[in-house]
> 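Attaching a single structure in structure tokens format; questions to follow.
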Amino acid sequence: MSTCVPQVLMGAQFTTYRIGGPLDEAYQPTTEAELVAILRQTQAAGKPLTILGWGGNSIIASAGIRGVTIITRKLDWVEPITDTRMAFGAGVHLAKAASTGLKYGLTGGEFMIGIPGTIGGALRMNAGALGQETANLVRSVNLYNLETAQVETWLPEQLGFQYRKSAIDPKKHVVLSAELEFQPGNPAEISATMTQSVQFRKSHHPKEPNGGSVFKNPSRDMPAGKLMEELGAKGQWREGGAMVSPLHGNFIVNVDHATSLDVLRLMRRMQQAIKDRYGLDAHPENLLLGDASPEEQALWQALTAGH
């Protein structure tokens, strides 16, 4: 049994949307062994399981999450292995990972500096920016397989990296840690790239609570943000307390105590408008977690149909 004590926490504390009801049984493990122990005891008890990193692309239902929620943020250790290779706990914030690369004069991780997420989430969705992506760095990933109840080490060829996706299935796998390999670089150039990235995000991404990019770009030359701008949605379309950001058309911002239902209704309106006007399918980058109402379930099924 794990010594990690369960807590009742509010989901809104653990998502960048600042939306979400009570997490009935939440754990915040600090070691890989503790995380595995919690996973095994959860499976033995037959309880539903939810994994939360930084909540940077997650919509937690306003009704909260039943069962066990494991929050990985305290798995934030970094361990140098060679001059260019490092191991990271699944809960390491990507800004910390980028800063660690800079500290050792290593390039390849600059893109992480402005992404509000963790190593675990970056691996699952192959996060990227600045022409770089997580797949370029990964040498191995330790994960817990929920189907076999075993810890496995996956190599790059098993991870199936594609644009904003991987073979890591959140229904089957829990990332524990990863080894990433960087390249020697010029610290001044690395620092300058990171500074430019942070400044770009500050000027182009909203400051209000949000969940990052709502949709994957339907195509490289038809980014979702541009399509929403052409549709006149920026700063205009709103459902309850959720609004399409005036700054970026592919962001939804929580401007007035938005609920999960507000966000889902607005996402569906955006998706349908892109389909109706351009004939393009927009697939969500955000994830829905927790005790969804019947209307929320129906909206989520519509949003993810065919994907």
Side-chain angles (χ1 to χ4, degrees), residues 15-17 19 51-60 94 111-112 114-138 159-171 173 175 197 200-201 204-206 209-231 233-234 237 239 242-245 247-254 260 263-289 296 299-307:
T15 168
T16 56
Y17 266 123
I19 294 171
I51 305 293
L52 265 183
W54 211 259
N57 69 333
S58 302
I59 308 161
I60 296 181
L94 295 176
F111 73 95
M112 295 177 173
I115 300 175
T118 60
I119 288 289
L123 289 162
R124 187 194 61 75
M125 67 171 292
N126 190 19
L130 307 175
Q132 301 172 330
E133 60 182 11
T134 308
N136 301 337
L137 303 173
V138 179
L159 289 159
F161 285 120
Q162 298 178 48
Y163 173 67
R164 299 297 174 265
K165 64 193 268 189
S166 75
I168 299 170
D169 183 343
K171 295 185 180 69
H173 311 121
V175 175
S197 176
F200 177 87
R201 285 177 178 270
H204 290 77
H205 291 183
N210 68 82
S213 297
V214 176
F215 296 106
K216 300 173 186 177
N217 291 328
S219 68
R220 290 192 180 276
D221 57 341
M222 300 282 272
K226 181 173 183 290
L227 301 181
M228 297 313 302
E229 183 172 356
E230 290 177 2
L231 286 161
K234 284 173 60 174
W237 291 12
E239 293 285 343
M243 180 175 71
V244 176
S245 167
L247 201 60
H248 194 304
N250 197 24
F251 282 69
I252 289 174
V253 291
N254 179 357
S260 51
V263 173
L264 292 170
R265 282 175 172 167
L266 188 51
M267 285 178 68
R268 183 61 178 147
R269 180 181 175 189
M270 294 164 72
Q271 185 186 54
Q272 286 181 307
I274 290 173
K275 183 68 171 179
D276 292 345
R277 172 74 70 87
Y278 302 100
L280 295 170
D281 294 315
H283 298 296
E285 270 199 44
N286 288 174
L287 297 171
L288 176 64
L289 305 172
E296 289 174 331
L299 285 165
W300 188 246
Q301 286 174 356
L303 281 161
T304 56
H307 182 56

> Check whether any side-chain heavy atom of Pro284 sits under 4.5 Å from a side-chain heavy atom of Trp300, and report yes or no.
yes
> What's the separation between atom CZ in Arg268 and atom CG in Leu266, rounded to the nearest 0.5 Å?
12.5 Å
> Show the nearest heavy-atom pair for residues Ala273 and Trp237, with the distance to one decimal.
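Reported closest heavy-atom pair: CB-CH2, 3.5 Å.
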> Measure across Asp281 and Lys275 and return the closest heavy-atom pair with its distance rounded to 0.1 Å.
OD1-NZ, 3.0 Å
> If you compare all heavy atoms of Ser166 against all heavy atoms of Leu123, which two are closest, and at what distance to 0.1 Å?
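So the minimum-distance heavy-atom pair works out to OG-O, 3.3 Å.
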> Just one of Val244, Leu227, Leu231 clears the side-chain contact (heavy atoms from CB on, under 4.5 Å) bar with Met270, so which one?
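The residue from Val244, Leu227, Leu231 that satisfies side-chain contact (heavy atoms from CB on, under 4.5 Å) with Met270 turns out to be Val244.
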> Does Glu239 use its side chain to pair, donor to acceptor, with the backbone of Arg265 at less than 3.5 Å?
no
> Determine the minimum heavy-atom distance between Pro223 and Asn217, stating which atoms define it.
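In this case the closest contact between Pro223 and Asn217 is CA-OD1, 3.4 Å.
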> Which value, rounded to the nearest 0.5 Å, describes the distance between Glu296 atom CD and Leu303 atom CG?
11.5 Å
> How are the rings of His205 and His248 set relative to one another: parallel (under 30°), tilted (30 to 60°) or perpendicular (over 60°)?
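Perpendicular, since the angle between the ring planes exceeds 60°.
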> Of all heavy-atom pairs between Phe215 and Asn250, which one has the smallest distance, and what is that distance?
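Residues Phe215 and Asn250, closest heavy atoms: O-ND2, 2.8 Å.
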> With Ile59, which of Asn286, Val214, Thr15 fulfils side-chain contact (heavy atoms from CB on, under 4.5 Å)?
Asn286
> With respect to Ile119, which candidate in Leu94, Thr134, Val138 satisfies the side-chain contact (heavy atoms from CB on, under 4.5 Å) definition?
Leu94
> Just by distance, do the side chain of Ser58 and the backbone of Ile60 share a donor-acceptor pair under 3.5 Å?
no
> With sequence neighbours left out, what residues match Leu247 under side chain to side chain contact (heavy atoms under 4.5 Å, CB included)?
Ser245
> Whether the side chain of Asn254 engages the backbone of Ile19 through a donor-acceptor N/O pair (distance < 3.5 Å, no angle test) should be reported.
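Not a single qualifying donor-acceptor pair exists.
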> State whether the side chain of Asn57 and the backbone N or O of Ser213 hold a donor-acceptor pair below 3.5 Å, judged by distance alone.
no
> Give a yes or no on whether the backbone of Ile252 and the side-chain of Asn210 come within a donor-acceptor separation of less than 3.5 Å.
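No, Asn210 side chain to Ile252 backbone: no donor-acceptor pair under 3.5 Å.
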> Is Arg124 reaching over with its side chain to a backbone N or O of Lys165, donor-acceptor style, under 3.5 angstrom?
no
> Might you point out which heavy atoms bring Ala127 and Ile115 nearest each other, and give the distance in Å?
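Distance-wise, the nearest heavy atoms are CB-CD1, 4.2 Å.
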> Flag the pair Glu133 / Phe161 as yes when at least one side-chain heavy-atom distance between them is below 4.5 Å, and no otherwise.
no
> Is there a side-chain contact between Leu137 and Met112 in this structure, where contact means two heavy atoms from C-beta onward sitting under 4.5 Å apart?
yes
